[in-house]
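Down below is the structure, laid out as structure tokens.
For ligands, and for the atoms within them, numbers begin at 1 and follow the listed sequence.
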Amino acid sequence: MPLSRRAFLSGTLAAAFAPRGQAWGDFHRAVGEIIVRPVIDGLWLRKINSRFVRNASFATVRRALAEASMPKDTLAMPIVPLLMESSGRRFLLDCGTGGQLTSTSLAQNLAAAGIRPDSIEAILVSNFHPDHIDGLKSAEDRPVFASAEVLVHEAEWNFWMDDGNLARAKPGQERTWFLNARRVFRGMKRVTKFTPGRELVPGITPLAAPGHTPGHVAYQITSGSEAMIALCDVTNHPALTARHPDWQPVVDMDGPRAVATRHRFLDQVSADRTTVHGYHFPYPAIGRIERRTTTGYEFVAAA
Ligand SMILES: [Zn+2]
């Protein structure tokens with residue numbers, strides 16, 4: 001092999017394909033004075049079956065997967081937390097699975113971008129499902145973001161921490177979610193509860209978006225004349241529940257309520273042409289929602 005080619009392979013290309021410490025896309029966008037940076041936690045290859053969508057036939061669901069070039073019976077679900085930076089302060093919206101469901105993790109990708117976990121001042125949580133909160137703690141059960149205040153919706157906290165609700169939880173997944181939320185928050189000192197509609201940190205306001213979970217929130221990010229909405233789990237992967245907003249996947253704990261919330265948000269952001277972020281949208285997970293006549297809504301990724 002010619003030297004130049006070998007040098008090329010051992011240098012640039014090898015670095016480009018290095019499995020650890022690899023650079024991520026590092027997409028940035030300014031919302032006024034706030035810089036938003038989606039950071040990949042990973043891709044969760046979730047096997048699904050006929051029970052995944054309560055009110056659609058599995059054949060229809062599989063057709064939607066195929067139309068989105070996804071593997072058969074597998075929902076390829078991106079997990080993309082959002083880093084927000086303004087005036088030298090850093091805030092993080094949700095924090096991934098801690099690498100438990102994905103081949104990479106938010107912590108790895110933050111490190112690759114040179115962002116120290118202790119530089120994050122606050123973590124804004126959208127809901128207590130494991131793929132949003134597990135990244136708060138390391139495998140050794142220690143807080144990953146040592147300096148961060150964790151901001152949670154009071155109603156979400158009260159739902160998951162209520163012993164009666166735990167006792168009534170359906171065995172299996174739902175009970176696991178309860179026990180997991182308690183494990184993650186056990187011993188965590190800096191947790192602050194909020195009610196939606198009030199600005200939490202400069203420019204960032206939680207919006208009530210119940211249905212996916214009882215206390216699920218989206219976030220409005222505003223600076224100067226610019227605004228963006230982080231939809232969080234208002235819709236799961238857009239190929240499923242944006243295109244088919246009436247579908248009720250089992251991850252939406254109150255299906256009809258989640259559908260109503262989804263229509264309310266997607267109607268508004270498509271009519272206003274608001275820039276959105278979606279936690280389970282393909283990277284960069286930022287773009288717009290367009291209303292379509294043939295399907296429900298389409299996610300159009302930012303260029
Ligand atoms: Zn989720």
For residues 75-88, which side-chain N or O atoms pair as donor and acceptor with protein atoms under 3.5 Å away, sequence neighbours left out?
{"from": "E85", "atom 1": "OE1", "to": "R37", "atom 2": "NH1", "distance (Å)": "3.2"}
{"from": "E85", "atom 1": "OE2", "to": "R37", "atom 2": "NH1", "distance (Å)": "3.3"}
{"from": "E85", "atom 1": "OE2", "to": "R90", "atom 2": "NE", "distance (Å)": "2.7"}
{"from": "E85", "atom 1": "OE2", "to": "R90", "atom 2": "NH2", "distance (Å)": "3.3"}

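- Identified under the ring pair (Phe, Tyr, Trp, His ring centres under 6.0 Å) test for residues 245-266, with sequence neighbours left out: H244-W247.
- By the side chain to side chain donor-acceptor pair (under 3.5 Å) test, N236 pairs with no residue at all, sequence neighbours left out.
- Within a radius of less than 2.8 Å around the Zn ion (ligand 1), the protein N, O or S atoms are D131 OD2, H132 NE2, D233 OD2, H280 NE2.
- Between H153 and F194, the ring planes are parallel. Angles under 30° get that label, and only those over 60° would be called perpendicular.
- For the residue pair T97 / D41, a side-chain donor-acceptor distance below 3.5 Å is found, with atom types taken as modelled.
- Between F281 and F299, the ring planes are tilted. Angles from 30° to 60° get that label.
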